[in-house]
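So that the names make sense, note that chain A is the first sequence line, chain B the second, and so on, each numbered from 1. All heavy atoms count here, side chains included; hydrogens, waters and symmetry mates do not. Since this is a predicted model, take the numbers as computed values, not measurements.
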Amino acid sequence: MLKIYNTLHRKKQEFRPIEPGKIQLYVCGITVYDYCHIGHARVLVAFDAITRYLRSQNWDVNYVRNITDIDDKILQRATDNNENYTDLTARMIEAMHEDERALDILPPNHEPRATGHIGDILDMIETLVDNHYAYTASNGDIYYRVKRFPEYGKLSNKNPDELLSGARVDSDDAKEDPRDFALWKAATADQVGWESPWGRGRPGWHIECSAMSTCLLGDTFDIHGGGPDLLFPHHENEIAQSEAATGKTFSHYWMHAGAVRVDNEKMSKSLNNFFTIREVLEKYHPEVVRYFLLSSHYRSPINYSEDNLIEARQGLERFYFALQNFAEVPACALSEMTLGGSGDDDDNKEASYYQRFVEAMDDDFNTREAFSVMYDMVRELNTLVRDDNAQTQVRTQTLAAELKALGEILGILKANPAEFLQGSADTEAISSAEIDALVAERNQAKQDKQYQRSDEIRQQLAEQGVVLEDSREGTRWRRE
RNA sequence: GGCGCGGUGGCAGAGUGGUCAUGCAGCGGACUGCAACUCCGUUAACGCCGGUUCGAUUCCGACCCGCGCCUCCA
């Protein structure tokens, strides 16, 4: 039974789909005015693992993740760069897609753009105006009338009256009420804008998500997700807009990822202490980044630091150490996964590794718990490999296949083990060819019982961060 | 001030009313020409104070500390 923590009710709830077997999922995507950072990566990776898992359990997931490609920050940045805003967004969208491919993030089913849905946005605003949930202000902007939506604050658990007295809301003279927010902003002829019944203008920040989600998923859908800082006001405003416009419940479940911190400090645009995905990937293998992001629960705060990334790499290496004993790991269908931890096939009382994995993931996507099941598999696998014999060969192969199949659900263990452990040569001081040559020389020395020379070479390579491992099959090496 | 989250062994990080998380690191042993990998064993934790209970890290209450949101940010 799948359980999901629902921000709306602040508790874990059994998941009940609107339509059996189907999940309509909307996740707030990126406002494309800059490169994606590690906080974006967390949301992307979390929902990537979640959708992969749900699909593995035969849910028909319709995953929509939008791109906000018109917004004040975009216009500001384009002005600063002295370029057309569409050139800026096109470049950033391309960069975002590169980052996603690098992290092995599967594309969503739909990736709507705000500028592609201006008509839907205007339709929704018109409905809101007609129903007095919105009004035209003296400055030509159209604002949402928060006072008319009594449930305002239900997602972020805020009292509307207290929001009114909250001094930090800037009181704009044009607004009836300081809590009101813009649905449409008037634009002059020389500014970016679209024609509308209320004159030329552009959409406000929150309306595009209401319009696009309704357009693609219907008035009511199953799950709405996003980053932690979108909870208020963005998601609260989405609810206000959509539920006022349709008169129906907007989303049944709300999921929010935890914040990413950097060296134990809040990461934010204003503190300018954020790392872009491309910066991070220059230093760490994409799977290390994925593993790091999935090694704590998706709702917990997570701390981006050198130490934690190194630890993540070491954790991932344990999987690859086990897998490198196989020339090729066969594929394994999830329906065929039956192996349990006892090592005894007749023992049906013990839950299989796969059952335990599913149980962990069904519990609000507990990826860390899922990893611990996989580590149990690693231990058994290593033991089987060490005590290699004819009786256990089938189980060994099957276990390796199952491990890899589970890794695939989380988007890891897809690399070639040797390549993963050897690292990428172009960023390293010593080339693979040089290493191979030294290894060959050392093996000759070993054969000649010239152990002093052999140790010299080991030492020399160790200083360059290369570790040698002798085995029956020969010497293999990896970069630390 | 309002709302919310959390404090677990050296670090990271799950979980549970009563023998095990897990990973990294440490220690002892096996393996190895030496190592690495691996395996076996092992050390070590549940912020503080009360309460409920036969028994609480786990439930309840108070307290202390940290963090987030309330303003653009995933």
Student: Write down the distance between NZ (A:K158) and C1' (B:rU71), rounded to a whole number of angstrom.
Tutor: 11 Å
Student: How would nucleotides 34-45 of chain B be written as a contact map, 5' to 3', with B for base contact, S for sugar-phosphate-only contact and - for no contact, using protein heavy atoms under 4.0 Å?
Tutor: BBBSSSS-----
Student: Is any N or O donor-acceptor pair between the side chain of A:E162 and the base of B:rG1 shorter than 3.5 Å?
Tutor: no
Student: Would you classify A:G258 as touching base, sugar-phosphate or nothing, given that sugar-phosphate means primed atoms plus P, OP1 and OP2, and contacts are heavy atoms under 4.0 Å?
Tutor: base
Student: Once you apply a heavy-atom cut-off of 4.0 Å, does A:Y375 come out as touching a base, just sugar-phosphate, or nothing?
Tutor: sugar-phosphate
Student: Name the residue closer to the 5' end of RNA chain B, choosing between A:N159 and A:Y291 according to the nucleotide with the nearest heavy atom.
Tutor: A:N159
Student: In whole angstrom, what separates A:Q452's CD from B:rG33's P?
Tutor: 18 Å
Student: Can you classify the ring geometry of A:F250 versus A:F221 as parallel (below 30°), tilted (30 to 60°) or perpendicular (above 60°)?
Tutor: perpendicular
Student: Pick base, sugar-phosphate or nothing for A:D229, based on heavy-atom distances below 4.0 Å to the nucleic acid.
Tutor: base
Student: Please enumerate all residues that pass salt bridge (charged side-chain N to carboxylate O under 4.0 Å, His left out) together with A:K404, with sequence neighbours excluded.
Tutor: none
Student: Quick one: label A:V385 by what it contacts on the DNA or RNA (base, sugar-phosphate, nothing), any heavy atom closer than 4.0 Å.
Tutor: nothing
Student: What is the distance, to the nearest angstrom, from the CZ atom on A:R261 to the P atom on B:rG68?
Tutor: 5 Å
Student: Indicate, with a heavy-atom threshold strictly under 4.0 Å, whether A:A257 touches base, sugar-phosphate, or nothing.
Tutor: nothing
Student: Tell me what A:K73 touches on the nucleic acid: a base, only sugar-phosphate, or nothing, going by heavy atoms under 4.0 Å.
Tutor: sugar-phosphate
Student: Which class fits the ring pair A:H206 and A:F181: parallel under 30°, tilted 30 to 60°, perpendicular over 60°?
Tutor: perpendicular
Student: Determine which bases of RNA chain B form Watson-Crick or G-U wobble pairs with both distances under 3.5 Å, and write the result as a 5' to 3' dot-bracket string with | for other-strand partners.
Tutor: (((((((..(((.....[...))).(((((.......)))))....(.(((..]....))).))))))))....
